[in-house]
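Structure first, commentary second.
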Amino acid sequence: MGIPASLVVYIVIEAVIALISVLGNILVIWAVIVNQALRDTTFFFIVSLAVADIAVGALVIPLAIIISIGLETEFYSCLMVVCIVLILTQSSILALLAIAVDRYLRVKIPTSYRSVVTARRAGIAITGCWVLSFLVGLVPMFGWNNMNNLRNEQNSTENGLIITCQFETVISMEYMVYFNFFVWVLPPLFLMLIIYLEVFNLIQKQLNKKVCANSKDPHKYYGKELKIAKSLALILLLFALSWLPLHTLNCITLFCRTCKTPMIITYVAIFLTHGNSAMNPIVYAFRIEKFQSTFLYIWKKYFCCKPSRFRNGRHTIGESSKNVL
């Protein structure tokens, strides 16, 4: 029996997304490594986000492909696969929240920002985000899952229950909607929206006042802050647009038990969530000048084997730079 054409198309698209996600986010981390001007607290959080996106491409998507084939496995093995997806999603949300807070502090307290947001504190924040992500994502492993429902359906008391591994088979929709979506997705998204609105408001006020103690040229300083804030807000918008459709489908599944979602809509929602991991490097390349020029430097030096003298403002890569975002 052959593989359905729709499944083949699904696997091909997922494979392309995985490749772009892994290569693009490796390039992001590579850029931060080679360019000292990118070794800034904001970019530490961007690296954390890139690590989660690499894991989506290298781990989550291959596992999703295996699941789509109809793999039969033990219940908790399937549940662990799903929990990995939840952990990485939560880490992305918290990384985006940390980035938003970082940008707010940068424009709210420009003179004391560097003493408040140190590399050590940024590292602690990143570690805290990942620990919290693991705690939230692993909740189903400790009981909030569909094991009891499946046992009742099959009149089984065995611990090693063998199932066809699918997301909705093992994950409780109550967990996904009430706990994951209503507590750990929507509130952070609304909070980030408020933070970015306040960031734009503060920048606009400073531009109107033409006062900035952190720069001799207030328009240059806050103009740069405005540009980078817009780029990072775009990252947030893309994340929301990518993940809200799938969470909406989860709500429909929970609140409308008789509703049947067409498979094509489910596939599109899944593509959006996975594709989000490939979007960020593209946004960085087109919207953030320092990433753009560093990507070009890496391409010329390491792939085209051409001597390239990269300049970031007044400084070349490898030199100490105070001209950071």
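All heavy atoms count here, side chains included; hydrogens, waters and symmetry mates do not.
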Any chain of hydrophobic side-chain contacts (each under 4.5 Å) joining [X] to [Y]?
| X | Y | value |
| --- | --- | --- |
| Val131 | Ile84 | no |
| Leu197 | Val107 | no |
| Ile194 | Leu189 | no |
| Val34 | Trp299 | yes |
| Ile67 | Val9 | yes |

Next item on the list: Might you confirm whether atom CZ of Phe167 has over 12 heavy atoms from other residues, nucleotides or ligands at distances under 6.0 Å?
Entry: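 Atom CZ in Phe167 is crowded, with more than 12 foreign heavy atoms closer than 6.0 Å.
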
Checklist line | Sole candidate of Thr89, Val185, Leu238 that passes side-chain contact (heavy atoms from CB on, under 4.5 Å) when paired with Trp243 | finding: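 Among Thr89, Val185, Leu238, the one meeting side-chain contact (heavy atoms from CB on, under 4.5 Å) with Trp243 is Thr89.
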
Only counting residues at least two apart or in another chain, list the ones meeting side chain to side chain contact (heavy atoms under 4.5 Å, CB included) with [X].
| X | result |
| --- | --- |
| Leu186 | Phe181, Phe182, Phe190, Leu244 |
| Asn149 | Asn146 |
| Ala285 | Phe295 |
| Ser112 | Ile109, Ser115, Val116 |

Below 4.5 Å, heavy atoms only, C-beta onward: do [X] and [Y] meet side chain to side chain?
| X | Y | answer |
| --- | --- | --- |
| Leu232 | Ile46 | yes |
| Asn180 | His247 | yes |
| Phe134 | Ser91 | no |
| Lys230 | Phe200 | yes |

Next item on the list: Describe, in one word, how the ring planes of Tyr284 and Phe291 are oriented to each other, choosing from parallel (under 30°), tilted (30 to 60°) and perpendicular (over 60°).
Entry: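 Tyr284 and Phe291: parallel rings.
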
Below 3.5 Å, can you tabulate the donor-acceptor pairs from side chains in residues 47-62 to any protein atom, sequence neighbours excluded?
| unit_1 | atom_1 | unit_2 | atom_2 | d |
| --- | --- | --- | --- | --- |
| Ser48 | OG | Trp130 | NE1 | 2.9 |
| Asp53 | OD1 | Ser277 | OG | 3.2 |
| Asp53 | OD2 | Asn280 | ND2 | 3.2 |

Note to self: Between Asn25 and Ser21 (side chain of the first, backbone of the second, donor and acceptor by atom type, cut-off under 3.5 Å), is there such a pair?
What the structure shows: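 Answer holds: yes.
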
Next item on the list: For Ser293 and Glu289, indicate whether the former's side chain and the latter's backbone hold a donor-acceptor pair under 3.5 Å.
Entry: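 Present.
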
Margin query: Could you check whether Asp40 pairs with Lys290 (Lys NZ or Arg NE/NH1/NH2 to Asp/Glu carboxylate O, under 4.0 Å)?
Written below: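 Salt bridge between Asp40 and Lys290, a charged N being under 4.0 Å from a carboxylate O: no.
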
Check: Is it true that Arg103 and Glu225 have a side-chain N and a carboxylate O under 4.0 angstrom from each other?
Finding: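 Counted as a salt bridge, because a side-chain N and a carboxylate O are separated by less than 4.0 Å.
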
Margin query: Once rounded to the nearest 0.5 Å, what's the spacing between atom CD1 of Ile20 and atom CG of Leu27?
Written below: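 Rounded to the nearest 0.5 Å, the CD1-CG separation comes to 13.0 Å.
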
Next item on the list: With sequence neighbours excluded, give me every salt bridge (charged side-chain N to carboxylate O under 4.0 Å, His left out) pair touching residues 261-284.
Entry: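 Every pair satisfying salt bridge (charged side-chain N to carboxylate O under 4.0 Å, His left out) with a residue in residues 261-284: there are none.
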
Locate the shortest heavy-atom distance separating [X] from [Y]; write the atom from each residue and the value.
| X | Y | value |
| --- | --- | --- |
| Leu97 | Pro188 | CD1-O, 4.5 Å |
| Leu150 | Thr169 | CD1-O, 3.7 Å |
| Ile65 | Ala15 | CD1-N, 4.4 Å |
| Leu236 | Leu193 | CD2-N, 4.3 Å |
| Phe239 | Ser92 | CE1-CB, 3.8 Å |
| Met192 | Ile93 | CE-O, 3.8 Å |

Check: Is there any side-chain hydrogen bond (donor to acceptor under 3.5 Å, both in side chains) pair reaching into residues 11-20, and which pairs are they, with sequence neighbours excluded?
Finding: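 Checked against side-chain hydrogen bond (donor to acceptor under 3.5 Å, both in side chains) - neighbours excluded - the pairs reaching residues 11-20 are Tyr10-Glu14, Glu14-His274.
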
Return each pair, listed once, that meets disulfide bond (SG atoms under 2.5 Å apart) where at least one residue sits in [range]; pairs must be two or more places apart or across chains.
| range | value |
| --- | --- |
| residues 176-205 | none |
| residues 233-284 | Cys256-Cys259 |
| residues 71-105 | Cys78-Cys165 |

Check: Residues in salt bridge (charged side-chain N to carboxylate O under 4.0 Å, His left out) with Arg257, at least two apart?
Finding: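 For Arg257 the salt bridge (charged side-chain N to carboxylate O under 4.0 Å, His left out) partners, ignoring immediate neighbours, are Glu174.
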
Next item on the list: Indicate whether any N or O donor in one side chain lies under 3.5 Å from an N or O acceptor in the other, for Ser172 and Asn145.
Entry: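 No, because no side-chain N or O of Ser172 sits under 3.5 Å from a partner of the opposite role on Asn145.
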
Margin query: Among residues at least two apart in sequence or on other chains, which ones pass ring pair (Phe, Tyr, Trp, His ring centres under 6.0 Å) with Phe286?
Written below: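 Ring pair (Phe, Tyr, Trp, His ring centres under 6.0 Å) list for Phe286, sorted by chain: empty.
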
